[in-house]
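Residue numbers begin at 1 in each chain, while the letters A, B, ... track the order of the sequences. Please read these numbers as outputs of a predicted model, since none were measured by experiment.
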Amino acid sequence: MKSDILDMSNLCKNKLSELDDYIASLEGNKQEQLIHVLHKAQGLFGYLPHNLQLYVARALDLPAAKVNGVVTFYSYFTEKPTGKNVICVCMGTACYVKGAQKVLDEVLKQTNSKKNDISPDGLFTVKEVRCIGACGLAPVMTVNDKVYGNVDEREIADIISKFKGGHNEN
Amino acid sequence: MKLIEKMVSCTINGIHVNVEKGTTILQAAKKIGIHIPTLCHLDLHDIGIVNKSANCRVCVVEDENKNALVPSCSEVVRDGMKIQTDSLKAVMGRRTSLELLLSNHPRDCLTCVKNLDCELQALAHEMNIREIHYKGEKMSHPIDNTSFAIIKDSNKCIMCRRCVTMCNEVQTVGVLNPLKRGFDVVVATAFHLDLNDTSCTYCGQCVSVCPTGALAERNHSSMVWRALNDPTKHVVVQIAPAVRVAIGEEFGYEPGEVSTGKIVASLKRMGFDQVFDTNFGADLTIIEEATEFVHRLENNGRLPMLTSCCPAWVQFIEHQFPELLDVPSTCQSPHIMVGSLIKTYYAEKNKIEPKDIVSVSVMPCVAKKAEVSREELTHNDLSDVDYVITTRELSRMIKEAAIDFKQLKDQNFDELLGESTGAATIFGATGGVVEAATRTAYEMITGKELKEVNFKQFRGLQGIREAEVQIGDKTLRVGIAHELGNARKLLEEIRDGKSHFDIIEIMACPGGCIGGGGQPYHHGDINILKKRAQALYDLDEKMEKRKSHENEMVVKLYEDFLGQPGNHKAHELLHTFYSAKPRI
Amino acid sequence: MKISSLATLDKWRDELRAAVKFDIKIMVCSGTSCISSESDLIFGLLKQKIDDHQLEHQIALVPTGCQRLCGQGPMITIEPGNITYFRVKVEDVEELFNEHILNGRVLYRLLYVDPKSGESIQDFAKMDFYRKQQRVALRNCGEIDPKSIDDYIRRDGYKALGNCISVLSPKEVVEIVKASGLRGRGGGGFPTGVKWEMTAKSRGNEKYLICNADEGDPGAFMDRSIIEGDPHSLVEAMTIAGYATGANSGIVYIRAEYASSIPPLKKAIEDAKANGFLGNNIFDSDFSFDISIKLGAGAFVCGEETALIHSMEGNRGEPTKKPPFPSESGFRGKPTTVNNVETLVNTPPIIINGAKWFRTFGTEKSPGTKVFALAGNIRNIGLVEVPMGTTFREVIFDIGGGHPLGKKIKAVQIGGPSGGVITEAFFDTPIEYDTLTKIGAMMGSGGMIVMDEDTDMVKIAKFYLEFTQDESCGKCTPCRIGTKRMFEILDRLVKMEGSPADLERLETLGKAIKTTSLCGLGQSAPNPVLSTMKYFREEYEGYAYRTKKIAYSINGEKCIGCTKCARVCPVQCIQGALRDVHFIDESKCIACGACYKACPVNAIVKP
């Protein structure tokens with residue numbers, strides 16, 4: 001297990017050097033900007049695998065446990081790779097009272113996945129989000145960057161099917 | 001400031017009390033004899049250890065002016081405060097917090113390592129909890145029993161964060177940290193790595209402050225029992241200096257009670273074939289270390305030289321400062337020296353096959369459990385020491401063997417590796433090693449007799465201490481640090497080329513070995529540590545011989561077996577080397 | 001150009017106002033809801049049209065911030081005449097442009113139809129939704145181009161800052177804000193002036209002003225709308241607060257989820273810097289101030305100021321005990337003021353118009369206005385800014401237009417997961433900090449969720465608790481384990497596996513968590529449960545005694561009256577004439593689901 005984490009060879013060199021440049025460009029106390037660095041790292045790699053967290057820890061001279069503690073505290077950071085399509089179901093209150101729970105259940109069913117886990121076919125990751133500020137369209141879900149408003153649970157199969165079978169819209 | 005301006009007054013349960021500004025409600029209540037239960041709270045501010053996270057909510061009391069509950073451990077008394085510690089609201093608040101903790105805690109108290117020594121259990125008893133009203137999901141984390149030193153069972157964790165404070169703020173090792181959040185929060189290593197795969201130093205300070213059984217030493221007593229009951233094995237034991245001034249606490253003695261003779265007696269009763277003294281190894285260490293130091297000093301060697309008796313400290317430098325591995329002395333820790341000699345010198349003298357010897361060390365230390373598994377501390381494929389048991393484990397074994405400790409008649413160590421001087425005794429307290437080394441180095445360098453052997457400037461509990469000693473025409477600059485966070489500061493100075501010391505003593509644990517991770521739990525009472533240290537200095541004071549090189553059995557060892565200090569054979573048996581390790 | 005005095009600012013403003021005016025101004029709402037309904041595409045098409053007809057000198061096309069009636073978006077407002085079109089679709093652009101712009105005729109079919117009179121309304125100011133609103137915080141939102149500093153200057157932008165620095169001492173600024181009675185809009189309602197004064201009086205040269213833009217209350221989006229729709233007002237307000245408290249560094253802590261809010265804010269900061277409203281020697285004084293942005297990463301608890309500060313320092317966002325307050329020891333251990341977005345943007349108008357003016361709105365103890373995000377089972381979903389003291393009834397029925405289908409409104413949840421429910425009995429209560437606290441709710445950040453008679457309050461309570469439990473930092477015992485236990489009890493109840501004893505347990509535990517938790521999140525986490533238990537106990541008992549009926553229902557908006565459901569119902573509990581909306585008699589329904597399968601238009605709602 002240990003060797004997996006110490007091995008950084010599966011991390012793209014170019015991305016790492018972009019991350020290095022970003023860290024070098026930070027002004028002031030760099031450790032204080034851990035969250036920004038993690039945002040950058042997640043932006044580059046899509047998620048924060050353990051060896052990348054260790055890489056960040058060393059770059060900022062922080063204990064790895066601290067970095068891992070921060071990563072696992074905030075819901076925005078993910079340690080797992082995401083599916084080809086990321087579906088976010090808004091579970092803000094406005095959406096909830098308009099049936100977001102049913103939307104979420106249906107989306108999980110249709111994608112055959114569990115919350116925050118990549119679906120077996122690798123096509124989807126379904127996440128719950130807290131209010132995307134589109135309460136006027138409740139209930140709302142997004143697939144990648146596209147927003148679907150006033151979603152009815154029975155339309156979901158149609159929406160999802162567009163992203164199955166290779167013809168990905170985005 | 002006038003005295004009156006520095007004081008504030010409040011009432012607690014209707015009793016008026018004046019206290020200095022900045023006093024907590026808990027302290028004020030204590031002053032007037034009102035007890036408030038606490039759990040996460042830990043205050044050893046004399047040695048820089050304070051956990052006032054106010055998160056367990058077991059110490060809440062009612063602030064009547066605000067009509068609210070406040071945590072007494074960290075809420076500071078303000079003028080005119082009206083505090084009620086026993087109102088229904090306060091009591092119910094505290095009970096609910098405790099019940100909630102218990103609702104998420106395994107009920108295996110009977111077999112738990114902390115049974116009858118557990119702060120959570122004690123509180124449940126004290127608060128007369130007879131039923132837990134809230135039931136539901138409990139944590140289920142795998143137990144980490146991969147390390148030789150520490151077992152981590154997070155299911156027993158109550159998130160007091162004392163270990164996090166110790167590991168991060170005090171020791172600056174940073175291995176333990178809370179991960180995740182909400183109900184799923186868990187104090188863990190990065191990525192839930194096994195402790196063995198991290199930069200854990202095994203100092204055991206997390207263990208020594210853990211209020212429950214979430215962090216405990218790995219129990220080696222069953223292996224020791226097995227050896228004792230194996231007729232083909234010759235079982236030899238040694239005990240460290242700090243053990244003798246602490247173990248009494250487990251048997252109802254006051255802290256600082258010296259029970260060397262009773263320990264020896266009980267070990268013999270348990271069936272150990274020989275009982276030796278790690279203090280012998282301490283004297284030997286001084287000879288070797290002083291020789292090395294004088295050599296470095298006189299040959300423009302790497303200075304400062306750092307002592308190397310503390311295995312947690314050695315782990316620390318290997319992981320955290322791999323570029324400084326030429327700085328510590330190459331001397332093994334004293335019990336390893338004794339261990340090497342048991343399987344060579346003693347074995348030869350008594351014509352015992354080294355492989356038939358089982359060598360056990362009784363230590364105040366958790367890190368020594370991991371130390372004995374180090375590959376470089378073996379000779380001919382045999383570990384220098386086979387098992388390390390802590391002071392606590394020994395006390396449990398004595399009880400298990402139904403030995404009435406208090407009734408035992410004192411007995412003496414066995415001769416060959418049993419003699420020691422006062423210099424060895426003070427190894428157990430921070431500053432003791434360098435004091436002992438100075439006593440010998442002085443005479444080595446000057447060839448004159450040292451009249452005043454007490455170096456009081458080396459003693460005390462300040463985190464970093466420095467002193468100068470005149471040795472002939474040389475001014476020796478001595479640094480002392482206990483707790484690894486303080487050590488880090490001195491190491492950074494060395495790394496940056498700013499250190500002005502010639503020799504530095506470092507001990508990982510607060511107060512040195514007397515505050516070791518394997519000692520009886522101090523439960524946050526600093527006086528216990530102080531009394532243990534004082535007992536060691538008192539012992540030293542009473543000894544006839546107080547310089548290591550006066551130890552006759554050590555002299556004999558060199559004459560009969562080793563030859564000259566620092567020579568090839570001594571190096572092979574008594575010295576070691578260090579290797580860089582990753583920082584995780 | 002660096003503006004060095006009030007006079008140069010006045011001159012610039014006059015020039016801008018006098019500059020060429022366009023004949024027509026088309027304002028396309030670019031709030032989140034409208035963008036989600038493709039208002040960005042509509043904007044692009046309009047731009048294309050204008051270019052095609054070479055009308056770029058006659059027509060100003062402006063992407064504005066939120067125009068507030070989000071439920072009816074995308075919205076386009078055209079001046080002159082303040083004519084607002086609703087629910088504009090991409091395919092409407094052609095007709096809209098031809099009719100309104102080229103032919104000068106109003107396109108009636110896209111106007112708002114008043115539900116009461118059935119009449120189309122041209123001027124949005126005459127709509128009930130807008131008529132009763134009073135805008136202070138949202139004064140520019142939806143009417144200016146957020147990316148244009150000129151637009152902001154035209155509307156007296158940076159005048160308040162100029163006044164503060166050129167005319168007033170920091171102490172006087174604090175006094176004005178104190179006198180205005182402005183209270184924190186993000187939570188407990190602590191007086192802003194007093195907060196500023198505490199930091200101003202703290203010793204030390206290094207101080208910080210933090211804008212809390214970590215709008216975590218699900219269902220509230222006013223702060224986002226302000227940042228995206230009027231970012232300069234925030235920049236100006238922060239600079240004023242910095243001047244008053246003695247801080248030279250301002251930091252906006254913003255939710256990572258609000259990625260689209262960052263560019264407009266960054267642009268505003270840059271433009272303010274370029275014009276001398278930020279940076280060194282602002283208005284030629286010795287006051288210097290700068291603003292940077294820090295990203296959150298998704299933690300509701302970071303709305304709590306100590307947690308927010310820890311997060312800004314790169315740590316887990318765990319709260320710590322107060323005192324010490326941030327005003328003594330905050331960011332980097334230095335005196336720090338933490339204000340939320342809405343609070344801050346109230347201050348420039350207060351400086352310009354005076355504390356007395358501000359007090360003409362609202363009530364004695366809660367002066368000014370408050371923005372609410374109105375959502376749930378209500379006709380007009382959107383942002384609503386009303387004077388404090390307005391009653392719930394006015395907001396729900398006059399502004400919100402009541403239930404879209406005329407169903408009974410059962411309760412309003414205010415204050416998000418930390419708040420409580422208000423029942424009909426309290427609909428005439430004036431909305432202000434202290435009255436809300438008295439009836440078991442709290443202002444919070446201003447999410448206002450309307451629930452109709454079909455809403456299951458136990459499930460709502462469970463929803464909120466699941467949220468707080470999920471968002472608990474896990475530091476203190478009551479919040480970490482207590483909310484989990486409460487959630488487990490609710491879960492049991494809802495699954496019909498609970499018992500009457502659970503109700504007592506729930507209540508006792510809820511009260512204990514309120515009193516023993518470390519921070520505001522834990523202290524308020526039981527509110528939704530306790531307040532629903534208080535007002536809807538019978539619903540809890542229905543679950544606890546397992547007497548609750550579980551029934552299907554029909555969504556009247558979708559039902560086409562085909563009678564298929566009634567025909568398959570085995571207990572004949574569905575009524576309704578052909579082509580009329582059908583109803584299910586819930587007391588008879590056995591929840592078999594036959595109607596659900598039979599319905600061709602998905603109008604049947606599962607229990």
Exercise for the section: Tell me the residues of residues 214-225 of chain C whose non-hydrogen atoms fall below 4.5 Å from those of chain A, in number order. Expected result: C/P218, C/G219, C/A220, C/F221, C/R224
Problem - Part of C/Y464 within contact of chain A (heavy atom distance under 4.5 Å) - result: side chain
Exercise for the section: Determine, using ring centers only, whether C/F467 and C/F300 are less than 6.0 Å apart. Expected result: yes
Handout entry: A/Y22/A/H36 aromatic ring centres below 6.0 Å
Key = no
Exercise for the section: Let me know if C/L295 has heavy atoms under 4.5 Å from chain A in its side chain, its backbone, both or neither. Expected result: both
Problem - Cationic tip of A/K84 above A/F163 ring, under 6.0 Å, 45° of axis - result: no
Exercise for the section: Salt-bridge test for C/K410 and C/D452: reply yes if a basic N is under 4.0 Å from a carboxylate O, no otherwise. Expected result: no
Problem - Interface moiety of A/E153 toward chain C, non-hydrogen atoms closer than 4.5 Å - result: side chain
Handout entry: C/Q72, part contacting chain A, at a heavy-atom distance under 4.5 Å
Key = neither
Practice task
Could you grab the distance from atom NZ of C/K407 to atom CG of C/D454, nearest 0.5 Å is fine?
Solution key: 3.5 Å
Completion exercise
Correct closest heavy-atom pair for C/Y253 and C/S311 would be OH-OG, 2.7 Å
Handout entry: Lys NZ or Arg CZ of A/K98 over A/Y96 ring: under 6.0 Å, within 45°
Key = no
Exercise for the section: Scan side-chain atoms only and decide if A/E79 and A/N68 contain a donor-acceptor pair under the 3.5 Å cut-off. Expected result: yes
Practice task
Answer with side chain, backbone, both or neither: which region of C/L383 has an atom nearer than 4.5 Å to a non-hydrogen atom of chain A?
Solution key: neither
Problem - Part of C/C473 within contact of chain A (heavy atom distance under 4.5 Å) - result: both
Practice task
Please flag which part of C/D470 lies under 4.5 Å from any non-hydrogen atom of chain A: side chain, backbone, both or neither.
Solution key: side chain
Problem - Value rounded to 0.5 Å, distance of CD1 in C/I210 from NZ in C/K294 - result: 9.5 Å
Practice task
Would you mind checking which part of C/K558 comes under 4.5 Å of any heavy atom in chain A, side chain (CB onward), backbone (N, CA, C, O), both or neither?
Solution key: side chain
Problem - A/N14 versus A/E18, side-chain donor and acceptor atoms under 3.5 Å - result: no
